[in-house]
Amino acid sequence: MAEQSKLLLIDGHSILNRAFYGLPDLTNSKGQHTNAVYGFLNILFKTMEEEKPDHLTVAFDLSAPTFRHRMFADYKGTRKPMAAELREQVPMIKEMLAAMGICLVTKEGLEADDLLGTMSKIGEAAGMDVTILSGDRDLLQLATDKVKIMIPKTKKGGTETESYYAKDVRETYQVSPTEFIDVKALWGDTADNIPGVPGIGEKTAINIIAAYGSIEAAHEHAEDLKPPRAARNIVDFWDQARLSKTLATIDVHAKIDYDLAAAQIGNIFTDDAYRLCKDWGFKNILLRFDKESVDREEKDLTSRFSHLTSRTAFEEMIERAGQSQETWIGAGLFLKDHSAARAGQIRALAISFEGKAFFAEADTEARQLSLFGSEADDGSGDLIQSTDLRRGLQALADAGKNLAFLDLKEALSQLSFSDRGRSFDLQVAAYLLDPLSSSYPTEDIARDQLALSIPSYSEFFGKKKADQIWEDPEEVEHRMHYACYQAYVASRAPQKLLKRLEEQGMRALYEEVELPLVYTLYDMETAGIAVEKEALKSYGDQLVGRINELEEGIYREAGETFNINSPKQLGEVLFGQLGLPGARKTKTGYSTAADVLDPLAVNYQIVRDVLEFRQLTKLKSTYADGLAKVIADDGRIHSSFQQTVTATGRLSSTEPNLQNIPIRMELGKEIRRVFPAMEGCVFVDSDYSQIELRVLAHLSQDPKLIEAYRQGKDIHRATASLVFHTPFEEVTDQQRSNAKAVNFGIVYGISAFGLAKDLGISREEAQEYIDGYFAAYPRLHDYLDGLVEFARKEGYAVTLFGRRRPVPELKNSNFMQRQFGERVAMNAPVQGTAADIIKIAMVRVHDRLAKEGLRSRLILTVHDELLVETFEQEEQEVREILDQEMRGAAQLSVELEIDTHSGRNWYDAK
DNA sequence: GTTGTCACG
DNA sequence: ACGTACGTGACAACG
């Protein structure tokens with residue numbers, strides 16, 4: 001006997017409303033209110049667990065729920081408009097239900113009640129058990145012995161549900177479900193515009209209907225009714241009573257197309273639903289997905305993982321992979337001692353295709369020995385060497401397979417692609433989709449793209465370092481699984497990532513800029529930059545002499561010795577003991593930052609000494625000593641360029657950071673002399689001239705700004721001329737300098753406070769500058785406003801090339817945070833577009849150098865600057881390439897100009 | 001690990 | 001009344 005089929009019907013607005021008022025105001029990272037959706041889903045899951053329905057439908061009325069829908073308790077008698085925080089969640093829940101494949105029913109002109117009533121009859125007629133979930137007691141009239149009405153009640157410590165079959169209605173209200181309509185006809189309901197009969201309240205209405213069964217019967221026996229007022233009014237207001245009955249009656253024969261087959265419950269834990277939960281921050285619900293998705297198909301992904309322990313088996317697998325039709329072959333690659341300076345050896349490799357994954361690791365010496373001792377054959381024949389793994393990987397690339405890696409730049413140390421389009425970088429793709437994440441581990445990509453829950457590194461290995469896990473025989477299964485998961489995700493995620501990039505208009509950015517850039521950066525890292533070790537050492541020694549003098553002087557002036565590098569101790573000495581004026585507090589004590597000390601320098605020798613001491617120790621520790629530590633065996637420094645770090649799309653540089661080598665102060669700038677071009681070479685250094693302001697001119701299409709650039713004017717002078725209403729030729733240096741600061745401010749997302757601080761003027765004065773600026777460039781002002789408006793509406797800022805930066809701060813309840821969000825919304829498109837442009841230029845310069853067979857190499861980028869180590873004979877050609885490719889990287893309404901210099905070292909090339 | 005400071009664009 | 005210019009990374013101090 002087949003189990004009884006069960007239909008669950010949900011009153012959408014009513015349950016959403018209950019959830020909204022039952023939960024505190026939850027706001028997700030994007031600033032969306034989510035409490036009602038979240039609560040709705042929890043009620044849905046709970047009810048499904050309890051009722052175990054096989055069919056499910058959610059009904060919504062199309063018309064505004066404030067007007068038509070009968071709300072329970074909270075709304076009774078009041079007609080206040082639906083809260084905006086709730087209204088915005090109506091489309092969200094619909095989107096979620098649709099993503100879960102849940103049947104949604106709406107019909108113009110019908111209330112949810114009528115839909116629910118009609119559907120319950122259809123279900124009942126089909127022989128099903130029906131449950132209607134609603135917060136609205138009016139639905140009790142629909143109860144039968146097959147149709148159950150469930151009403152959630154909010155109680156302390158959770159929700160409880162009251163259930164009513166027909167008999168329960170009778171027990172509770174002394175009337176049958178159909179009689180309940182008549183009760184309502186007498187009693188009325190202001191919330192629903194049902195007038196009822198004056199003078200008859202709930203008690204009286206129930207008594208009358210319990211006695212007579214209907215308003216018609218009661219009307220016939222009007223003279224018998226008590227109290228007399230009811231008897232009189234039921235006659236006097238008879239028409240109104242009959243109208244009320246009509247209004248109160250739920251239509252159970254509404255003309256709707258309702259197909260029970262469409263209501264069948266499939267797998268509601270879909271990828272789309274998962275993504276929505278992720279987007280909206282429903283962490284707890286995600287757990288439910290993990291469990292379900294594990295239950296449904298990933299029950300044991302590890303059963304599809306194999307550990308290949310012989311070279312033969314590994315090579316056979318590579319052979320099969322090479323013949324596979326799989327779109328993307330995923331690879332998990334693990335290197336020993338890899339860095340930008342040196343390609344590590346492959347420790348292990350996992351390859352995944354067709355849903356399976358294979359793991360192979362280079363045999364350790366110990367294993368090689370033991371095998372050699374025990375095996376009868378030639379011993380070395382079937383062992384796996386690091387080079388075997390490398391050959392296998394290269395074989396796949398050579399076979400023209402599409403290969404996906406978590407970190408392609410690292411993989412490039414082990415193989416080469418003849419077609420860059422056949423490689424994929426998961427981290428870079430994931431970064432474009434969500435540049436605010438701090439890292440892009442496999443498990444996050446699996447969760448976001450595949451709705452798959454897999455263990456993280458720490459879940460496998462705890463706090464153990466890579467060296468420990470790869471050499472410990474007990475970890476072999478863990479690392480096999482870990483590597484296979486990585487390969488598996490790499491094979492499955494690219495399609496999803498590409499689809500999302502496409503949807504978000506970033507596919508070209510990925511394929512034509514970021515992906516080729518991986519190759520450019522790899523070559524730049526490999527090339528590195530030469531350093532004169534001895535010169536660096538003597539630079540450091542020179543600093544030490546002066547540092548010691550200063551230190552002595554400071555102790556003498558302070559009257560005691562202390563750690564000058566400790567802001568806490570220094571602050572105490574300067575502002576506490578010596579009682580210097582102008583103290584400013586930080587969380588932990590006095591601030592000793594340069595902008596606090598600077599004004600004091602005029603009057604106090606000790607402050608001058610401290611500032612110089614600071615400057616010199618910075619140069620010594622960060623640059624002299626810091627750089628010496630990272631010189632590789634080849635005498636060069638190989639910085640790592642990070643492609644997945646910044647919120648705006650810029651690159652960053654680490655170990656060491658070569659993007660903050662001193663230049664502003666002469667003494668610091670000297671350090672650039674220790675970076676020489678190699679023998680027979682010069683450095684050619686090109687930097688964009690005011691790229692961000694030019695980008696802004698283009699993006700805003702401000703005619704005055706564009707015109708100033710087209711005429712090749714000094715832009716800061718031109719700005720000063722407009723802002724201060726001074727003829728161009730008569731602009732003073734001071735005015736120009738102020739205008740320059742304003743131009744910078746504009747790019748940062750101007751604030752009067754910030755500008756005032758920068759210029760050392762009052763906030764009012766700064767505001768006047770800003771007002772003057774926007775009066776001079778009105779179009780620019782409108783444009784910046786538009787940026788904020790766009791980001792507020794869409795939740796992100798976007799560059800000329802489609803790169804996005806989310807701006808969740810704009811929806812933050814904190815005023816400061818929102819202000820910050822506004823500046824970000826103004827700055828990100830500008831800084832980001834400039835980043836897009838130089839990335840394009842980098843790829844083009846890199847490719848041109850290769851294509852033209854030049855030996856010169858692009859070795860460094862500093863945001864708006866490219867440095868090419870150039871063979872002397874190639875200088876003219878390199879200059880030309882830089883000029884063409886940098887200027888031609890984007891076609892803007894204003895020309896992109898560059899300044900180019902060359903020299904024997906980095907100092908001379910600037 | 002966080003904080004304060006400061007180097008760069 | 002609040003307390004901000006945008007984006008980074010490295011170092012020393014300190015809990």
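Here is the naming used below: chain letters follow the sequence lines, and residue numbers restart at 1 for every chain.
Annotation: A/N814, atom CG; neighbour count of heavy atoms from other residues, nucleotides and ligands within 6.0 Å is above 12. In A/N603, the CG atom is crowded: over 12 heavy atoms of neighbouring residues, nucleotides or ligands sit closer than 6.0 Å.
Atom P of nucleotide C/dA1 and atom CZ of A/R763 are separated by 12 Å, given to the nearest angstrom. A straight line from CE of A/M816 to C1' of C/dA5 spans 11 Å, rounded to a whole angstrom. Straight-line distance from the CG atom of A/L616 to the C1' atom of C/dA12: 16 Å, rounded to whole Å. Separating the CG atom of A/L787 from the P atom of C/dC6 is a distance of 16 Å, rounded to the nearest angstrom. With rounding to whole Å, A/D836 atom CG is found 14 Å from C/dG7 atom C1'. Remark: P of C/dG7 and CD1 of A/I838 are 19 Å apart, rounded to the nearest angstrom. Rounded to an integer number of Å, the gap from A/R805 CZ to C/dT8 C1' is 12 Å. Regarding A/F753, its CZ atom lies at a distance of 16 Å from the P atom of C/dA1, rounded to whole Å.
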task = Dot-bracket notation for DNA chain C is requested: 5' to 3', Watson-Crick or G-U wobble pairs only, both distances under 3.5 Å, with ( ), [ ], | and . as defined.
result = .....|||||||||.
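When heavy atoms are screened at a 4.0 angstrom cut-off, A/V747 is found touching no nucleic acid atom at all. The residue A/T617 sits apart from the nucleic acid: no heavy atom pair falls under 4.0 Å. Contact annotation for A/R614: backbone-only contact, meaning every heavy-atom pair under 4.0 Å involves sugar-phosphate atoms and none involves a base. Using a 4.0 Å heavy-atom cutoff across all strands shown, A/E655 reaches sugar-phosphate atoms only and no base atom. Nucleic acid contact class of A/N657 (heavy atoms, under 4.0 Å, all strands): sugar-phosphate only. At the heavy-atom level, A/L755 lies under 4.0 Å from base atoms of the strands shown. Using a 4.0 Å heavy-atom criterion, one finds that A/D758 contacts the bases of the nucleic acid, with or without backbone contacts as well. Heavy atoms of A/G749 sit nowhere under 4.0 angstrom from any nucleic acid atom. Among the protein residues, A/A756 comes within range of no part of the nucleic acid, since none of its heavy atoms lies under 4.0 Å from any strand. Residue contacts for A/V830: at a heavy-atom cut-off of 4.0 Å it reaches no nucleic acid atom on any strand shown. Residue A/A741 is classed as a base contact, given a heavy-atom separation below 4.0 Å to a base. Nucleic acid contact for A/L651: none, since no nucleic acid atom lies under 4.0 Å from a heavy atom of the residue. Counting non-hydrogen atoms under 4.0 angstrom, A/Q569 reaches the backbone sugars and phosphates but no base. Residue-level contact check: A/F820 touches the backbone only, with heavy atoms under 4.0 Å from sugar-phosphate atoms and none from bases.
Under a 4.0 Å N-O distance rule, the pair A/E897/A/R887 qualifies as a salt bridge.
Comparing the C1' positions of B/dT2 and C/dA5 gives a spacing of 24 Å, expressed to the nearest Å. Rounded to whole Å, the separation between the C1' atoms of C/dA1 and B/dC6 comes to 31 Å. Taking atom P on both B/dT3 and C/dT4, the two are 14 Å apart, rounded to the nearest angstrom.
A/Q427 and A/T644 share no side-chain donor-acceptor pair at under 3.5 Å. Looking only at atom types and distance, the side chain of A/T719 has a donor-acceptor partner in the side chain of A/Y777 under 3.5 Å away. For the residue pair A/E655/A/S640, the side-chain donor-acceptor check at 3.5 Å is not satisfied.
Note on A/R823: a side-chain N or O is less than 4.0 Å away from OP1 or OP2 of C/dC6. Note on A/R818: every side-chain N or O is 4.0 Å or more away from OP1 and OP2 of C/dT4. At least one side-chain nitrogen or oxygen of A/S652 sits closer than 4.0 Å to the OP1 or OP2 atom of C/dG9.
A search for salt bridge (Lys or Arg N to Asp or Glu O under 4.0 Å) contacts involving A/R803 returns A/E514, A/D836, not counting sequence neighbours. In this structure A/Y783 satisfies the ring pair (Phe, Tyr, Trp, His ring centres under 6.0 Å) test with no other residue, sequence neighbours excluded. Legend: residues meeting salt bridge (Lys or Arg N to Asp or Glu O under 4.0 Å) with A/D625, ordered by chain and number and at least two apart, are A/K620.
A/Y769 has its ring centre less than 6.0 Å from the ring centre of A/F724.
Closest contact between the side chain of A/Y748 and the listed nucleotides C/dA13, C/dA5, C/dT8 involves C/dA5. Closest to the A/N563 side chain, of the nucleotides C/dC6, C/dG9, C/dA13, is C/dA13. Of the candidates C/dA5, C/dA12, C/dT4, C/dA12 carries the atom nearest the A/N565 side chain, counting heavy atoms from C-beta on.
With a heavy-atom cut-off of 4.0 Å to chain A, the contacted part of DNA chain B has its first and last nucleotide at B/dG4 to B/dG9.
The aromatic rings of A/H781 and A/F774 sit tilted relative to each other, their planes meeting at an angle between 30° and 60°.
Along DNA chain C, the nucleotide nearest A/Q831 and the nucleotide nearest A/Q819 are compared for position; the residue whose nucleotide lies closer to the 5' end is A/Q819.
For residues 585-602 of chain A, proximity to DNA chain B is found at A/T586, A/K587, A/T588, A/S591, A/T592, A/A593, A/A594, defined as any non-hydrogen atom under 4.0 angstrom from a strand atom.
Across all non-hydrogen atoms, the minimal contact from A/D444 to A/S439 is OD2-O, 4.3 Å.
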key: A/Q767/A/D771 under side chain to side chain donor-acceptor pair (under 3.5 Å): CA gap, chis, key distance, verdict   = CA-CA 6 Å; A/Q767 189 58 53; A/D771 293 344; 2.9 Å; yes
message = Applying side chain to side chain contact (heavy atoms under 4.5 Å, CB included) to A/E532 and A/N905, what does each step give before you reach the verdict?
response = CA-CA 10 Å; A/E532 278 176 350; A/N905 59 52; over 6 Å; no
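Side chain of A/T833 to backbone of A/L800: a donor-acceptor contact under 3.5 angstrom is found.
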